[in-house]
Amino acid sequence: MIKLFPGFNTDIESAVACFRPILQRLKIRQGITGFPVFLSLFPHLWNLNKNCIWIITILKANMPVDSMAKFISQYHKKEKVMECYIILSDIFFVNAKVPKEIRKAVIVHEFCHFIALIYASVSTSEDNLQERLKERLSKVIDELTNDQVLKLYQLLNKLRQPYNDFSAFEQTRDDHFRLNCENLDLSYTDLFKNFLLSRQMFIEFLSKEEREKFSNLLSEGKTQEAFDLYMNTARKIAHEKWLPENFAINQSIDILIKYGINAVR
C-alpha cells in the first residue's frame with residue numbers, strides 16, 4: 001500500500017485529516033460547480049497521484065424527476081486519469097425547495113464514494129479495480145432518488161438516534177460504499193459522520209479561552225454549565241456548517257463520549 005498519511009486506513013481522525021482538505025476545496029457552501037479539483041494540489045497525496053491523475057468535480061444538471069444526485073467515475077487507462085463527478089439536480093440550488101443542509105449531506109455522501117475509490121486504488125491492482133467498477137454499475141457508482149435523499153435528511157435530523165439507524169439505512173451502511181477490495185479497517189458510516197462533523201472541526205470552533213473554561217467547569221464539578229457550553233458550540237457548528245442541528249448535537253455527544261475531556265483538546 002502507498003503511504004499517504006499515517007493511519008489513514010485505520011484511524012478515523014487520520015483519515016479525516018487526510019481527505020477533508022479535498023472536501024473543503026470543493027467549496028460546498030459557496031455553491032461552486034464545474035470547478036475541477038486535482039489531487040495534485042495536496043502535497044500529502046502526491047504519492048497517490050503518481051499512479052494516475054485524480055480529478056473530482058461537482059456539477060449541477062437538469063436531472064430526471066426521481067433522480068437527485070449521482071456519483072460517476074471514469075478511468076482513462078491510456079492517459080492514466082481518474083475523472084470523478086458528483087452530479088446534483090439543479091433543484092439543490094434553490095433553497096426554497098431544498099434546504100442547504102440536504103445539499104451538504106448529499107455531497108458528503110457522494111464524496112464518501114470518491115474516498116472508497118481512493119482506498120480501493122491503493123489496495124488492489126489496476127485491472128482488479130476496473131473489474132470492481134464494472135460490478136458497480138459500470139461508470140455510475142451511486143445514484144440517489146428523491147425518496148432516499150429525504151430519508152437521509154430525516155435520519156440526520158433525528159435526536160439521539162442509535163448508531164444502528166445509520167447501519168439500517170442502505171445509503172449510510174458501510175457496505176453501500178465498499179468496493180470490497182479496500183485495505184480498510186474503518187467504517188464508511190463513521191467516515192460519513194466525521195466528514196460532516198469531526199472532533200477536529202469541533203475544536204476549531206472553540207477558542208483557547210473556551211477550551212480552558214470547559215476544562216475548568218468540569219474540574220469544578222459544574223458539569224451542566226460545561227455541557228451547555230459544549231452544546232452551544234454544536235449548535236453554532238450546525239448553523240455555520242449547514243448541518244441539521246440534531247445531527248450536530250448527536251455527533252458532538254458521541255465525540256464527547258468517545259474522547260471525554262480530550263474532545264476539546
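Quantities reported herein were computed from a predicted structural model and do not represent experimental measurements. Numbering of residues begins at 1 and proceeds along the displayed sequence.
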message = Using the rule given for side-chain contact (heavy atoms from CB on, under 4.5 Å), can you reason through Met82 versus Ser73, listing the C-alpha separation, both sets of side-chain angles and the distance that settles it, and then say yes or no?
response = CA-CA 7 Å; Met82 179 73 84; Ser73 173; 3.2 Å; yes
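- Hydrophobic clustering of Ile, Leu, Val, Met, Phe, Trp and Tyr side chains at less than 4.5 Å, counting indirect connections, keeps Val94 apart from Trp242.
- Here the two rings, on Phe19 and Tyr119, have centers that are under 6.0 Å apart.
- In this structure, Arg211 and Ile203 approach most closely via the heavy-atom pair NH1-O, 3.8 Å.
- Grouping the Ile, Leu, Val, Met, Phe, Trp and Tyr side chains by contacts below 4.5 angstrom, directly or via other members, places Val81 with Phe42.
- Residues His176 and Thr172 fail the side-chain proximity criterion, which asks for heavy atoms closer than 4.5 Å.
- Atom CD of Gln251 is separated from atom CZ of Arg199 by 12.5 Å, given to the nearest 0.5 angstrom.
- In this structure, the side chain of Arg25 does not engage the main chain of Leu39 through any donor-acceptor pair within 3.5 Å.
- The closest donor-acceptor contact from the side chain of Asn246 to the backbone of Lys158 lies at 3.5 Å or more, if one exists at all.
- A donor-acceptor pair under 3.5 Å is absent between the side-chain atoms of Ser89 and the main chain of Phe92, judged by distance alone.
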inquiry  = The test is side-chain contact (heavy atoms from CB on, under 4.5 Å); show your working for Leu88 and Met63 and say whether it passes.
reply    = CA-CA 8 Å; Leu88 303 177; Met63 299 177 72; 5.7 Å; no
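- Remark: Gln74 CD to Cys84 SG distance equals 10.0 Å, nearest 0.5 Å.
- No single ILVMFWY cluster, assembled from side-chain heavy atoms under 4.5 Å apart, contains both Leu150 and Leu159.
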Output a table of donor-acceptor pairs, distance under 3.5 Å, between side-chain atoms of residues 256-265 and any protein atom two or more places apart or on a different chain; print 'none' if there are none.
none

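- In this structure, the side chains of Asp228 and Gln224 come closer than 4.5 Å at one or more pairs of heavy atoms.
- The main-chain N or O of Asp66 is never found under 3.5 Å from a side-chain atom of Thr145 such that the two would form a donor-acceptor pair.
- With a 4.5 Å cut-off on side-chain heavy atoms, Leu152 and Gln171 do not count as touching.
- Salt-bridge annotation for Arg20 and Glu204: present, with a side-chain N of the basic residue lying under 4.0 Å from a carboxylate O of the acidic one.
- Applying the side chain to side chain donor-acceptor pair (under 3.5 Å) criterion to Glu170, with sequence neighbours excluded, gives no partner residue.
- The distance from atom CG of Leu197 to atom CD1 of Ile255, rounded to the nearest 0.5 Å, is 4.5 Å.
- Between Tyr85 and Phe71, the gap from one ring centroid to the other reaches at least 6.0 Å.
- Counting heavy atoms from C-beta on, the side chains of Glu182 and Val122 never come closer than 4.5 Å.
- Contact of the Ile58 side chain with the Phe35 side chain is not registered, since no non-hydrogen atoms from C-beta on lie closer than 4.5 Å.
- Atom OG of Ser167 and atom CZ of Arg173 lie 8.5 Å apart (nearest 0.5 Å).
- Closest approach of Ile28 to Arg103, counting heavy atoms only: O-NH1, 3.2 Å.
- In this structure, Met68 and Ile91 have side chains that are in contact, with non-hydrogen atoms separated by less than 4.5 Å.
- Linking ILVMFWY side-chain heavy atoms closer than 4.5 Å, directly or via other members, places Val98 and Val65 in two distinct hydrophobic clusters.
- Of all heavy-atom pairs between Pro21 and His44, the closest is CG-CE1, 4.3 Å.
- Contact annotation: the side chain of Ser123 never approaches that of Cys181 to less than 4.5 Å [non-hydrogen atoms, C-beta and beyond].
- A distance of 9.5 Å separates CG in Asn194 from CG in Asp254, rounded to the nearest 0.5 Å.
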inquiry  = Please evaluate residues Leu23 and Val108 with respect to the criterion side-chain contact (heavy atoms from CB on, under 4.5 Å), reporting the C-alpha separation (whole Å), side-chain torsions for both, the decisive distance (0.1 Å), and the verdict.
reply    = CA-CA 8 Å; Leu23 189 59; Val108 172; 4.2 Å; yes
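- Between His109 and Phe177, the distance from one ring center to the other falls under 6.0 angstrom.
- For the residue pair Glu212 / Asn216, no side-chain donor-acceptor distance below 3.5 Å is found, with atom types taken as modelled.
- Judged by distance alone, the side chain of Asp174 and the main-chain N or O of Tyr188 form a donor-acceptor pair under 3.5 Å.
- Taking each heavy atom of Ile12 and Leu191 in turn, the nearest pair found is CD1-CD2, 3.6 Å.
- Residues Glu143 and Ser67 bring a donor and an acceptor atom of their side chains to less than 3.5 Å of each other.
- Trp46 places a side-chain N or O within donor-acceptor distance of the main-chain N or O of Ser40, the cut-off being under 3.5 Å.
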message = side-chain contact (heavy atoms from CB on, under 4.5 Å), that's the test. Do Trp54 and Leu117 meet it? Break it down for me.
response = CA-CA 10 Å; Trp54 286 76; Leu117 268 184; 4.0 Å; yes
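- The line from CD1 of Ile107 to SG of Cys112 is 12.5 Å long, rounded to the nearest 0.5 Å.
- In this structure, the side chains of Leu156 and Phe166 come closer than 4.5 Å at one or more pairs of heavy atoms.
- Note on Phe205: it clusters hydrophobically with Phe202, by side-chain heavy-atom contacts below 4.5 Å among ILVMFWY residues.
- Using a 30° and 60° split on the angle between ring planes, Phe114 and Phe111 fall in the tilted class, from 30° to 60°.
- Glu83 and His76 are linked by a side-chain donor-acceptor pair at a separation below 3.5 angstrom, with hydrogens and angles left out of the test.
- In this structure, Phe93 places its CZ atom where more than 12 heavy-atom neighbours from other residues, nucleotides or ligands lie under 6.0 Å away.
- Of all the heavy atoms in Pro244 and Asn157, the pair that sits closest is CB-OD1, 3.4 Å.
- Closest approach of Lys241 to Met201, counting heavy atoms only: CG-SD, 4.1 Å.
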